[in-house]
**Q** 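Submitted below is the structure of interest, expressed as structure tokens.
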Amino acid sequence: MKRTKVLHLLSAESPIEELLVKGWVRTRRDAKGFSFIEINDGSCLANLQVVADTTTPGYDMVTKLSTGSAVTIIGELVNSAGKGQKWEVQARKIEVISVAPENYPLQKKRHSDEFLRTIAHLRPRTNKYGAAFRIRSELSWAIHKFFREKGFCYLHTPILTGSDCEGAGEMFQVTAMDLKNIPKNNGRVDFEQDFFGTPANLTVSGQLSAEMFALALGEVYTFGPTFRAENSNTRRHAAEFWMVEPEMAFYELSDNMDLAEVFIKHLVLHIIEKCSEDVALFSKFVDKTLMTTLENIIQNNFVQLPYTEAIDILLKSGKTFEYKINFGTDLQSEHEKFLTEIHFKKPVIVYNYPKTIKPFYMRVNDDNKTVAAMDVLVPGIGEIIGGSQREERLDFLESRMEELGMEKAPYWWYLDSRRFGSAPHSGFGLGFERLLMLVTGISNIRDVIPFPRTPNSIEF
RNA sequence: UCCCCAGUAGCUCAGUCGGUAGAGCAGGAGACUGUUAAUCUCUUUGUCCGCGGUUCGAGUCCGUGCUGGGGAGCCA
């Protein structure tokens, strides 16, 4: 007999005479002569209630079924005689696959997120984390679906990179050298003897590679792991996270901003529709304002606000900020919060930042003071997307690199794209985990990553 | 890296003025019931984070280290 999943049983249209279901025991309630066993197999949030009585083959083992035990049930799907569920399984045979002993760490009660992080290998067995990781999966699929329907190519950019100054933060160095016996030349590390013959790092962004493919395939996106060796200790940062980076030929900044908005709205709507049961758990137990927040994102136009106007609003707010704001300073958390949570109360796209605080590849505007950059800020999370129109003019790009004291030689291939058939193009990077935090209301990035990596933490 | 807070039973926590520790849940035993994180009775469990100090006496006060959390910076 073929195994049926709990998800399908609970959404059955009619009774089923014989079925096979396997899963893990969430809880067991004994009555005189029979027991209720709740089974979860991960296919959905809800448990399946199984009723077994003393005549059921295997019943002698039922009383030993503890939370976490794995079982096989053969039985019949019938309308439940009790309240609280439509269907239940009347067991005909129960086989115990394994019994979880009394020291099984997950109990039938609420555990703190901090404790569950210490048992990250077991926490997906809880309602909350099961829901979070089902949503993570669905959100990944939704991203691919969105781009596929728009005719984007999915691009795999390298994880290992020889570029060491992409300006996106501290990088993890990668080497095949014996660290206990590093080859030296005149007292310096001799990278010529390393695997690639030159220093190598883990990628901090696939953008520069993606630009090359956008200028060939038109519209591309990457979706993969990204690494930052920043010593960041916050609930919004991880050393290893996933980033979505679309890159589009012939897109100008406004096209870029419009895509970012449509993208986020599409994904939020998708999750509300496809994961309603899991989302309901989060809005009930994790963040009571979640549905309001998500509706707000779907229904309202994002504010598109030039950086200079953002500065004006902040200056005229009458609020005293810890960090003084004026043209040329970057927006701090407190400023982003003010704009998204107090002033506009919805997502805000700030664009045209001073070129002094943005990287070399962003397109310089006609005022020669600002660049065509844009950051999407959302209430509660802050920056979720950072992007720009890229500088497609070779002379502008080279003089920017010179201004910043960058060595041009390693970028020969990047500059080549501006020599041969250069064209306006734009793109952005979206922090996948931050989007997950947004749609679940989970406030710590460590709780939306299966096995999170943060400073001093690489267990599991 | 900086600032703040916390660390007590397997888990979540309480512990007054400094006098050698307690509850709920979990575990164990029993009762009862188409039960819903079932209920009721009985019951086991402690390196009070480590080290040092003050004191007749420290879970409690002081110093220090470690771990965790929140905020800031860096950023997605």
Side-chain angles (χ1 to χ4, degrees), chain A residues 26-38 46-53 63 66-68 78-85 88 90 100-119 122 126-127 166-170 203-207 223 225-245 260 285 321-323 330-337 357-359 375-378 381-387 428-438 443-449 454-457 459:
Chain A
R26 280 296 173 81
T27 179
R28 191 192 86 232
R29 292 177 291 273
D30 293 327
K32 193 159 205 172
F34 59 103
S35 294
F36 300 100
I37 311 159
E38 287 201 28
N47 300 326
L48 175 70
Q49 176 163 291
V50 176
V51 187
D53 60 49
T63 51
S66 51
T67 302
V78 297
N79 284 112
S80 178
K83 291 171 190 164
Q85 61 280 314
E88 68 185 18
Q90 193 67 49
E102 69 204 36
N103 59 358
Y104 181 58
L106 293 172
Q107 300 170 3
K108 291 185 292 184
K109 55 167 281 193
R110 198 189 168 280
H111 289 287
S112 68
D113 293 324
E114 290 81 4
F115 170 68
L116 291 170
R117 262 170 234 152
T118 69
I119 49 167
L122 298 175
T126 65
N127 287 339
E166 291 177 24
E170 292 295 310
T203 183
V204 291
S205 162
Q207 181 201 316
F223 181 21
T226 309
F227 307 88
R228 303 277 167 90
E230 299 286 350
N231 187 18
S232 295
N233 291 286
T234 81
R235 60 186 183 82
R236 304 184 307 281
H237 292 88
E240 178 179 325
F241 62 99
W242 281 55
M243 191 153 64
V244 182
E245 295 181 286
F285 296 113
F321 294 107
E322 192 185 337
Y323 288 85
D330 209 351
L331 299 183
Q332 304 295 326
S333 287
E334 54 180 345
H335 307 128
E336 295 177 355
K337 278 202 178 88
I357 55 171
K358 290 293 182 183
D375 284 355
V376 180
L377 313 175
V378 292
I381 310 279
E383 184 180 341
I384 196 164
I385 279 179
F428 60 80
L430 171 133
F432 180 62
E433 283 80 8
R434 289 193 181 169
L435 184 62
L436 259 174
M437 292 166 74
L438 182 70
S443 58
N444 195 311
I445 198 167
R446 284 171 276 232
D447 298 335
V448 296
I449 301 179
T454 53
N456 279 316
S457 174
E459 182 88 327

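Numbers restart at 1 for each chain; the letters A, B, ... are given by sequence-line order, proteins then strands.
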**Q** From CD of A:Gln107 over to P of B:A37, roughly how many Å is that when rounded to an integer?
**A** 16 Å
**Q** Counting only side-chain N and O atoms of A:Ser112, is one of them less than 4.0 Å from OP1 or OP2 of B:U12?
**A**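 So the side-chain polar atoms of A:Ser112 do come within 4.0 Å of the phosphate oxygens OP1 or OP2 of B:U12, strictly under.
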**Q** Which nucleotide in the set B:G73, B:A38, B:A76 lies at the smallest distance from any side-chain heavy atom of A:Glu383?
**A**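 Shortest atom-to-atom distance from the side chain points to B:A76.
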**Q** Taking the six-membered ring for Trp, does A:Phe241 stack with B:A76 (centroid gap under 5.5 Å, planes within less than 30°)?
**A** yes
**Q** Between B:U8 and B:C49, how far apart are the two C1' atoms, rounded to whole Å?
**A**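 Here B:U8 and B:C49 have their C1' atoms 10 Å from each other.
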**Q** Does A:Ser232 make a side-chain donor-acceptor contact with the base of B:C75, cut-off 3.5 Å?
**A** no
**Q** Between B:A76, B:G34, B:C11, spot the one nearest the side chain of A:His111, thanks.
**A** B:C11
**Q** For A:Glu38, which of A:Gln49, A:Arg28, A:Arg29 qualifies under side-chain hydrogen bond (donor to acceptor under 3.5 Å, both in side chains)?
**A**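 That would be A:Arg29; it is the only one of A:Gln49, A:Arg28, A:Arg29 passing the side-chain hydrogen bond (donor to acceptor under 3.5 Å, both in side chains) with A:Glu38.
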**Q** Taking only side-chain nitrogens and oxygens of A:Arg28, does any of them come within less than 4.0 Å of OP1 or OP2 of B:A38?
**A** no
**Q** Pairing donors with acceptors under 3.5 angstrom, does anything connect the side chains of A:Lys108 and A:Thr67?
**A** no
**Q** With respect to the phosphate group of B:U12, does any side-chain polar atom (N or O) of A:Arg110 fall under 4.0 Å of OP1 or OP2?
**A**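 Looking at the OP1 and OP2 atoms of B:U12, neither is under 4.0 Å from any side-chain N or O of A:Arg110.
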**Q** Hey, which sits more toward the 5' end of RNA chain B by its nearest nucleotide, A:Lys83 or A:Tyr104?
**A** A:Tyr104
**Q** On a whole-Å scale, what distance lies between the C1' atoms belonging to B:U67 and B:G34?
**A** 47 Å
**Q** Has the side chain of A:Glu88 got a donor or acceptor that lies under 3.5 Å from a partner of the other kind on the base of B:G34?
**A**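 Side chain to base: pair found, below 3.5 Å.
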**Q** Report, as yes or no, whether the 6.0 Å neighbourhood of atom CG on A:Asn456 holds more than 12 heavy atoms from other residues, nucleotides or ligands.
**A**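 No, not enclosed.
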**Q** For the base of B:C75, is there a side-chain donor-acceptor partner from A:His237 under 3.5 Å away?
**A** yes
**Q** Kindly say if A:Ser35 contacts the phosphate of B:U35, meaning a side-chain N or O under 4.0 Å from OP1 or OP2.
**A** no
**Q** If we call it a pair only when both distances are under 3.5 Å in a Watson-Crick or G-U wobble match, what pairs with B:U45?
**A** none
**Q** State whether A:Ser333 places a side-chain N or O below 4.0 Å from either non-bridging phosphate oxygen (OP1 or OP2) of B:G73.
**A**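 Answer yes for this pair, as a side-chain N or O of A:Ser333 is under 4.0 Å from OP1 or OP2.
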**Q** Side chain of A:Asn444: nearest nucleotide among B:G70, B:A72, B:G34?
**A**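 The nucleotide sitting nearest to the side chain is B:G70.
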**Q** Using the side-chain heavy atoms of A:Glu38, tell me which of these nucleotides is nearest: B:U12, B:U36, B:A76.
**A** B:U36
**Q** May I have the distance from A:Gln85 (atom CD) to B:A37 (atom P), rounded to whole angstrom?
**A** 10 Å
**Q** Looking at A:Arg29, does any N or O in its side chain come under 4.0 Å of the phosphate oxygens OP1/OP2 on B:A38?
**A** yes
**Q** Over all heavy atoms of both residues, which pair between A:Glu336 and A:Leu331 is shortest? Give the atoms and the distance, please.
**A** OE2-O, 4.0 Å
**Q** Of the nucleotides B:C74, B:G34, B:C11, which has the atom closest to the A:Glu230 side chain?
**A** B:C74
**Q** Tell me which of A:Gly431 and A:Lys337 sits closer to the 5' end of RNA chain B, going by the nucleotide each one is nearest to.
**A** A:Lys337
**Q** So which nucleotide from B:A76, B:G34, B:G69 ends up closest to the side chain of A:Met243?
**A**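 The answer is B:A76.
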**Q** In whole angstrom, give the distance that lies between atom CG of A:Asp113 and atom P of B:G70.
**A** 9 Å
**Q** What is the minimum heavy-atom distance between A:Ser80 and A:Glu88, and which atoms define it?
**A**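 Closest approach of A:Ser80 to A:Glu88: OG-OE1, 2.9 Å.
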**Q** Quick one: does A:Ser80 reach the base of B:G34 with a side-chain donor-acceptor pair under 3.5 Å?
**A**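 It does, because a donor-acceptor pair links the side chain of A:Ser80 to the base of B:G34 below 3.5 Å.
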**Q** Consider the side chain of A:Glu114, meaning its heavy atoms from C-beta on, and name the nucleotide among B:U1, B:A76, B:G69 that approaches it most closely.
**A** B:G69
**Q** Counting only side-chain nitrogens and oxygens, does A:Arg236 get under 4.0 Å of the OP1 or OP2 atom of B:A72?
**A** yes
**Q** Does a nitrogen or oxygen in the side chain of A:Gln49 sit under 4.0 Å from OP1 or OP2 of B:U35?
**A**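 Answer no for this pair, as no side-chain N or O of A:Gln49 is under 4.0 Å from OP1 or OP2.
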**Q** Indicate whether OP1 or OP2 belonging to B:U36 is found under 4.0 Å from a side-chain N or O atom of A:Lys108.
**A**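 So the side chain of A:Lys108 is outside the cut-off, no N or O lying under 4.0 Å from OP1 or OP2 of B:U36.
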**Q** May I ask you to test the A:Thr454-A:Arg446 pair for a side-chain heavy-atom distance under 4.5 Å?
**A** yes
**Q** Measure from the side chain of A:Asn233, starting at C-beta and using heavy atoms only, and say which of B:A72, B:G34, B:A76 lies closest.
**A** B:A72
